[in-house]
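Below is one structure, written out as structure tokens, with a few remarks after it.
Residues: numbered from 1 along the sequence shown. In this text the structure is predicted, and so the values were computed from the model without any measurement.
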Amino acid sequence: MSTGSLFNISSWFAPPDGTTFTIQDKGVYSTNSIPEVCGSVRKAIENDSNEQELVAALMVVLDICHQPEASKLKEKLGQSGIVESLVEIFVLKGSNIEIMELSAEVCSLLAEIDTNRTRIIDCNIISAMVLLANASMTDGLVCTWCCKFIKNMTTESATVNKLITLGACEVVASVVEKHMSNEDALESACRAIYALCKTSKRCKDKFGGTLVMNVIVTHVFQKIIQAHAEFTDDNGALLASSSVMDASCIDRDRDNSSPIDTARYSGSPTSSYFPTRRGVDAMIVSAEWGLRVIGILVQKHTENSARAKEVNMGILVLDLFKIYSDEDEQFISSLLFAIQNLADSDDTHQTLFVEHGMCDLTLSTMAKYTEKLCVLAVSDCYRVLRILAFNNANTQQILVDKGAAVQILQSMQKFRGNSHDIVQWGWYVLDVLATNRSNLGSIAACGGCQENVNALKRFVVPVLFATAGVCYMM
């Protein structure tokens, strides 16, 4: 960590007169107590002789941010001047790595709240966090929180443009390259890349020209493929040493905004190919977000799609699908997202997937998750089938031979029309399949006409467009 301040600023924030604060153990906080907490932070900043006082005060702030239903508390922290205090901390305490780690975490958590993001921009905290990450690139904890901060700041296109201008893309790319063996840092960086690229094509350009794709291939995808080889026998069954469930070995949820981590291993001991031991959960979450990154990088981007072909991305993703087809819905959805965008990016990937059995894999996955009524995974299966069959008579015939149209319609009927995504994407894929007239009789015989009417009654737009082609041809 470099010595001295990260940037110069002359303003100073004194604590309110007469404020006192006693550090408490994991207390329950109300919004009324927040001004006192923020006052203790400012008082600790003033007390330059005892930096542990500031450490303790920041830990209380973090305790507040990690409270259940903490949104109002975090908003109140912003209203009570904590963002301005963080400016002072970056200025005055830049050489204290413990304080910088805590401050980075506080910034990331505060950035989850819309009103706080406005203050963060006004106080130039983005610049401070980028400078901090560059100055502390060897510190995995700082880098993890800086990436989470960047991800949380991507809600507005204007803010993303500011992030790009201040060098956030370069910071995240450096974290990927320098912390490729740190699962937490790598996952946070992948989340940030996905969020940035989802908002701005400029980010796709920037990340496509870095080593990000290569690192994801070698240190994420190949790593978990190797994990499967090491911990399963020749038939793909878990080895005995990894078959016992041990909840104490599962990594904690590293991102409260993620719905995917906490319940991942709530099923049977053999519900995942991964052995249940420390670090395993982190590996699969990194892979999940690595897949999201690949999908977003190649989406409507010719140059990135060409780079994906150079590193055999299609084969790797296929291998992951075949090996980890029993993972949870979120992981499967990420796999399907990558496959969908790779297949949509050029004809080579589309042909590759079809030739390597992707139609069968997708139909079997669709059936499996239809029984579980998993909207996300099933609608993603529809998307993949549509892309594979679009303008491809050979694939359409393969799907005709497998009775895909009937399987899709039966899958849709299981959801009883209660999901917009299921209805919309189901009819989109049926529209493509209906261009092969061999499917029309099967669709009609399976109740397709009535399903069409029901869809139009419940969801007019854009389901109208999805169903219009089938209606016309029938």
Side-chain angles (χ1 to χ4, degrees), residues 1-7 9-113 115-117 119-120 122-126 128-129 131-133 135-136 139 141-146 148-149 152 256:
M1 180 71 193
S2 61
T3 58
S5 301
L6 294 172
F7 53 90
I9 189 169
S10 57
S11 59
W12 184 263
F13 301 92
D17 292 339
T19 56
T20 59
F21 186 76
T22 302
I23 304 299
Q24 54 182 316
D25 293 329
K26 297 291 181 185
V28 177
Y29 303 90
S30 68
T31 53
N32 293 334
S33 66
I34 300 301
E36 188 177 0
V37 173
C38 293
S40 74
V41 173
R42 291 183 177 182
K43 184 176 180 180
I45 294 171
E46 282 191 326
N47 187 4
D48 195 48
S49 62
N50 184 6
E51 291 187 335
Q52 285 306 303
E53 181 181 343
L54 180 55
V55 169
L58 288 171
M59 290 181 72
V60 173
V61 174
L62 287 175
D63 187 20
I64 292 170
C65 290
H66 287 294
Q67 294 290 306
E69 308 296 328
S71 296
K72 290 183 179 180
L73 296 175
K74 285 185 277 192
E75 184 176 11
K76 186 66 174 180
L77 282 166
Q79 294 170 352
S80 301
I82 194 65
V83 176
E84 291 80 1
S85 293
L86 285 164
V87 173
E88 293 298 321
I89 292 170
F90 284 125
V91 170
L92 301 171
K93 307 296 181 182
S95 61
N96 187 315
I97 192 61
E98 183 179 13
I99 290 175
M100 290 299 98
E101 289 173 347
L102 293 170
S103 299
E105 183 175 357
V106 171
C107 285
S108 173
L109 296 170
L110 291 175
E112 295 172 356
I113 306 301
T115 53
N116 289 341
R117 288 193 290 270
R119 289 185 174 86
I120 283 167
D122 292 342
C123 291
N124 207 23
I125 292 288
I126 294 176
M129 289 288 278
L131 288 167
L132 173 61
S136 311
D139 188 306
L141 192 57
V142 167
C143 289
T144 297
W145 286 111
C146 284
K148 289 186 177 185
F149 168 80
N152 289 338
N256 290 332

* **K74: which of I113, V61, I82, T115 passes side chain to side chain contact (heavy atoms under 4.5 Å, CB included)** => I113
Separation of [Y] [atom2] from [X] [atom1] (nearest 0.5 Å):
| X | Y | atom1 | atom2 | value |
| --- | --- | --- | --- | --- |
| K93 | E88 | NZ | CD | 10.5 Å |
| R119 | Q79 | CZ | CD | 5.5 Å |
| M59 | Q52 | CE | CD | 9.5 Å |
| L73 | I34 | CG | CD1 | 5.0 Å |
| I89 | L86 | CD1 | CG | 5.0 Å |
| E98 | L54 | CD | CG | 9.5 Å |

Taking side chain as C-beta onward, heavy atoms only, is [X] less than 4.5 Å from [Y]?
| X | Y | answer |
| --- | --- | --- |
| C123 | E84 | yes |
| K76 | N32 | no |
| L109 | F149 | no |
| C146 | V142 | yes |
| C65 | L77 | yes |
| W145 | C107 | no |
| C143 | L141 | no |
| V87 | N124 | no |

* Would a distance-only check, ignoring hydrogens and angles, find a side-chain to backbone donor-acceptor pair under 3.5 Å from S136 to A133? -> no
* Has the side chain of N116 got a donor or acceptor atom that lies under 3.5 Å from a matching backbone atom of L110? -> yes
* Can I125 and F90 be said to form a side chain to side chain contact (heavy atoms under 4.5 Å, CB included), step by step? -> CA-CA 9 Å; I125 292 288; F90 284 125; 4.1 Å; yes
* Worked verdict on H66 versus E105 for side chain to side chain contact (heavy atoms under 4.5 Å, CB included) -> CA-CA 11 Å; H66 287 294; E105 183 175 357; 3.0 Å; yes
Minimal non-hydrogen separation, [X] against [Y], with atom names:
| X | Y | answer |
| --- | --- | --- |
| K148 | S108 | CB-OG, 3.2 Å |
| N47 | S49 | OD1-OG, 2.8 Å |
| R117 | N152 | CD-O, 3.3 Å |

